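Heads up, the thing below is written out as structure tokens.
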Amino acid sequence: MINIILPDKSVRKYDAGITGLDIAKDISPRLAKEVLSITVNGELTDLTRPIEKDADIMLHKFSDPQGKHAFWHSSSHLMAEALATLYPGIKFAIGPAIENGFYYDVDLPEGTVISENDFPKIEKTMIELARQKNPFIRKEISKKEALEYYEKQQDQYKTELINELEDGNITFYTQGNFTDLCRGTHLPHTGFIKAVKLLNVAGAYWRGDEKNKQLTRIYGISFPKQKMLTEYLEMLEQAKLRDHRKLGKELELFTFSPKVGMGLPLWLPKGADLRLRLEDFLTKELRKRGYVMVMSPHIGNVDLYKTSGHYYKYAEDSFRPINTPQEGEEFMLKPMNCPHHVEMYKFKQYSYKDLPIRMAEFGTVYRYEQHGELHGLTRVRSFTQDDAHVFCRPDQLKDEFKAIIDLVFYVFKVFNFNDFSTQISLRDPDNHEKYIGTNENWDKAEKAILETVEEKGLEATVETGEAAFYGPKLDFIVKDVLGRAWQLGTIQIDYNLPERFELEYKGSDNELHQPIMIHRAIFGSMERFIALMIEHTAGKFPLWITPDQAVILPISDKFNDYAKKVSDLLKNYDIRSLIDDRNEKIGRKIRDNELKRIPFLLVVGEKEVSSNTVSVRKQGQGDQGSMSIEAFAKMVNNEVENEIKYN
RNA sequence: GCCUCAGUAGCUCAGUGGUAGAGCAACUGCCUCGUAAGUAGUAGGUCAUGGGUUCGAAUCCCUUCUGAGGCUCCA
């Protein structure tokens with residue numbers, strides 16, 4: 001007999017060799033129907049594997065991440081089986097579970113393509129195979145045998161994968177007529193998969209390398225109940241309604257014109273208004289925190305970028321240098337603001353008492369992003385960074401770094417970005433060519449980031465090879481409405497540019513010292529931030545109150561009940577004077593159908609601006625008198641909060 | 001740059017080889033009038049672009065441009 005310890009610490013005794021599935025059956029028949037995978041002594045594994053010794057176990061249902069993982073991984077195998085049936089000669093590369101669903105990379109026989117039109121028949125085959133309730137059978141296999149199996153099929157992908165695996169550590173999983181190299185975890189059988197939807201097809205390079213062959217990647221998602229799939233698809237549709245590209249058009253915030261050039265956003269009046277107010281908000285905050293605002297031109301002599309290293313790093317794939325009538329003279333559209341700020345630092349000599357110098361600019365930069373990478377406002381070719389560079393002494397570095405983290409937290413809180421992740425990006429130690437500067441400098445910079453993050457108690461993932469070419473960084477990442485991750489805020493420590501530009505300050509010892517540079521952005525770029533802000537707030541927080549600023553953001557009743565209710569509530573108020581205020585044709589009577597079309601009322605109320613007063617009258621309650629826009633926004637917001645229990 | 005798909009009126013879309021359509025928006029009347037679609041009429045398209053097949057192309061084929069979802073890239 002062995003002891004099985006459940007998460008609640010209760011102990012059950014079973015014969016050795018019992019499986020997770022049997023334990024589940026023993027606990028309750030309903031659990032047995034829902035359970036998908038099991039963790040045995042900390043190791044995620046199949047429910048059908050025998051447990052031979054005493055163990056702590058945890059059973060996973062679809063509601064658990066581990067359950068979903070097994071479910072979608074098995075779905076991936078099921079799709080592979082269906083594809084193998086429908087497309088003889090197909091070869092399989094890798095097919096993992098992902099955050100929402102699964103994919104499989106396949107190499108199709110010459111001349112075959114899979115498009116979305118083929119999805120229904122693949123889905124149908126998958127469901128037919130699933131209904132057979134074929135068990136997933138695990139088999140340990142020697143490296144030699146495994147290689148023979150795939151070499152016979154002339155499958156270079158699996159062969160390559162197996163060659164990298166250790167002998168004795170290789171397993172195959174078989175369901176029905178399909179066998180795949182796989183380390184698991186899988187469902188007991190395919191019958192759990194009741195609903196399948198293939199989502200899209202895409203090209204993907206083998207092993208993610210552009211030089212390799214491009215495979216066909218098919219994305220899908222599956223569920224244990226048809227209803228869950230329907231709900232998921234409904235959720236996706238809802239999400240698409242909040243897409244910033246759609247809203248940007250509807251709300252007349254921004255547009256693109258092929259004639260101007262793709263990836264070059266045109267800010268329409270309302271969008272420009274929104275952006276200016278955001279810039280204003282941040283500028284005030286920066287001044288409070290000891291920053292000075294500067295401005296720099298949009299171009300610079302190539303020599304500037306040669307010194308900074310940008311020229312060698314980016315000239316080839318970037319906008320081409322601009323020639324002048326002068327022979328041999330070249331300018332570049334600035335891809336970054338740093339070198340300009342560095343030259344401003346060099347304008348005069350600084351004492352150690354002057355530091356830190358915190359230089360901020362809403363600096364527009366130009367980068368020739370790859371054609372296929374352009375994406376709404378989140379990836380563009382001309383964008384404005386809320387950029388700043390802090391020049392400080394070594395003893396000030398950590399405090400400055402922490403102050404910036406605090407600023408990021410403050411701003412994210414103000415705009416309700418509560419769900420963000422933090423990532424430390426270090427250099428790739430095997431690829432020195434990607435970076436400038438000495439190992440010594442890099443070690444210092446990376447150490448400073450790691451220590452500061454530790455001291456701050458921040459939880460951050462660490463990624464190697466993701467650093468900027470001049471220094472490591474701490475990034476703040478927010479997801480868009482469809483779950484794509486975008487970097488907004490970034491803080492980067494740089495010992496290299498100060499060295500290259502020979503920056504210095506006079507220390508208390510009367511010697512010259514080199515300052516350390518911190519590059520940082522809070523919004524990241526105005527474009528990307530506004531894009532995510534639109535998606536995060538649409539239909540969710542139509543009115544926003546910050547401690548000292550009132551912001552009314554996009555209002556549209558098309559997205560969900562919450563916005564609809566707010567919209568209804570606003571109808572109880574006479575806000576004509578507010579709208580007249582926002583309308584250039586002041587004094588003209590606003591027509592009914594015009595009012596309903598005003599898609600957003602954007603106001604950043606500032607106490608010192610007295611003209612931002614509205615006279616408000618609530619229907620049925622008579623005149624409420626004049627009040628500031630801020631007060632009005634607060635009042636409406638309170639009412640909304642009271643009326644709707646929003647969680 | 002690569003893979004799959006798409007582009008018809010300002011917007012949302014119908015139209016699969018035989019005379020370019022609808023709703024909304026716009027404009028002009030009329031009726032109403034403070035708050036989510038009053039009413040009649042008018043105007044609006046080289047069917048993204050260039051080429052080809054055909055008696056005939058929005059429709060089939062190719063080029064280019066742009067967009068969508070991925071991959072690669074991302075300062």
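Sequence lines set the chain letters: A, B, ... in the order given, protein chains first and strands last, and positions in each chain run from 1. Here the structure is a predicted model, which is why all the values come from computation and not from measurement.
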Task: Pairing residues for Lys334(A) by the side-chain contact (heavy atoms from CB on, under 4.5 Å) criterion, not counting sequence neighbours - done: Ser296(A), Tyr305(A), Asn337(A), His340(A), Glu361(A), Val365(A)
Kindly give the atom pairs (protein nitrogen or oxygen, nucleotide nitrogen or oxygen) under 3.5 Å for nucleotides 6-15 of chain B.
from   : atom 1 : to        : atom 2 : distance (Å)
U12(B) : OP1    : Lys249(A) : NZ     : 3.4

Task: Distance, nearest 0.5 Å, that separates CZ of Phe476(A) from CD1 of Ile491(A) - done: 4.5 Å
Task: Interatomic distance where CD belongs to Glu116(A) and P belongs to C5(B) [whole Å] - done: 8 Å
- [ ] Name all residues meeting the side-chain contact (heavy atoms from CB on, under 4.5 Å) criterion together with Thr307(A); count only those two or more places apart in sequence or in a different chain, and write none if there are none.
- [x] Phe501(A)
Task: Closest listed nucleotide, where the reference is the side chain of Val113(A) and the choices are A75(B), G70(B), U4(B) - done: U4(B)
Open item on the list: I'd like to check the side-chain contact (heavy atoms from CB on, under 4.5 Å) partners of Arg358(A); sequence neighbours left out, ordered by chain and number.
Closed with: Tyr291(A), Pro356(A), Val390(A), Glu400(A)
When you compare the protein's N or O atoms with those of nucleotides 60-68 of chain B, which come within less than 3.5 Å of each other, and at what distance?
from   : atom 1 : to        : atom 2 : distance (Å)
U66(B) : OP2    : His371(A) : NE2    : 3.4
A68(B) : OP1    : Arg245(A) : NH1    : 3.1

Task: Over-ring placement of Arg381(A) relative to Tyr368(A), 6.0 Å and 45° cut-offs - done: yes
Per-pair distances, 0.1 Å, donor-acceptor, side chain in residues 462-470 of chain A, under 3.5 Å, sequence neighbours excluded:
from      : atom 1 : to        : atom 2 : distance (Å)
Tyr470(A) : OH     : Gln492(A) : OE1    : 2.4

- [ ] Report the base-pairing partner of U12(B) (Watson-Crick or G-U wobble, both distances below 3.5 angstrom), or none.
- [x] A22(B)
Open item on the list: Return the pairing partner of A6(B) with a 3.5 Å limit on both distances, Watson-Crick or G-U wobble; otherwise return none.
Closed with: U66(B)
Task: Spacing of Arg381(A) atom CZ relative to G1(B) atom C1', expressed in whole Å - done: 11 Å
Open item on the list: I'd like to check the side chain to side chain donor-acceptor pair (under 3.5 Å) partners of Asn100(A); sequence neighbours left out, ordered by chain and number.
Closed with: none
Task: All side-chain contact (heavy atoms from CB on, under 4.5 Å) counterparts of Arg217(A), not counting sequence neighbours - done: Tyr103(A), Asp105(A), Ala204(A), Tyr219(A)
Could you go over nucleotides 72-74 of chain B and give all protein N or O partners under 3.5 Å, atom names and distances?
from   : atom 1 : to        : atom 2 : distance (Å)
U72(B) : O2'    : Glu210(A) : OE1    : 2.8
U72(B) : O2     : Gln370(A) : OE1    : 3.2
U72(B) : O2     : Gln370(A) : NE2    : 3.1
U72(B) : O4     : Glu373(A) : OE1    : 2.1
C73(B) : O2     : Arg379(A) : NH2    : 3.3
C73(B) : N3     : Glu373(A) : OE1    : 3.4
C73(B) : N3     : Arg379(A) : NH1    : 3.4
C74(B) : O2     : Arg379(A) : NH1    : 2.8
C74(B) : O2     : Arg379(A) : NH2    : 3.1

- [ ] Quick one: list whatever passes ring-ring contact (aromatic ring centres under 6.0 Å, His included) with Phe417(A), sequence neighbours left out.
- [x] Phe412(A), Phe529(A), His536(A)
Task: Contacts of Thr378(A) that satisfy side chain to side chain donor-acceptor pair (under 3.5 Å) - sequence neighbours left out - done: none
Which side-chain N or O atoms in residues 109-116 of chain A pair as donor and acceptor under 3.5 Å with protein atoms at least two apart or in another chain?
from      : atom 1 : to        : atom 2 : distance (Å)
Thr112(A) : OG1    : Pro109(A) : O      : 3.1
Ser115(A) : OG     : Asn117(A) : N      : 3.3

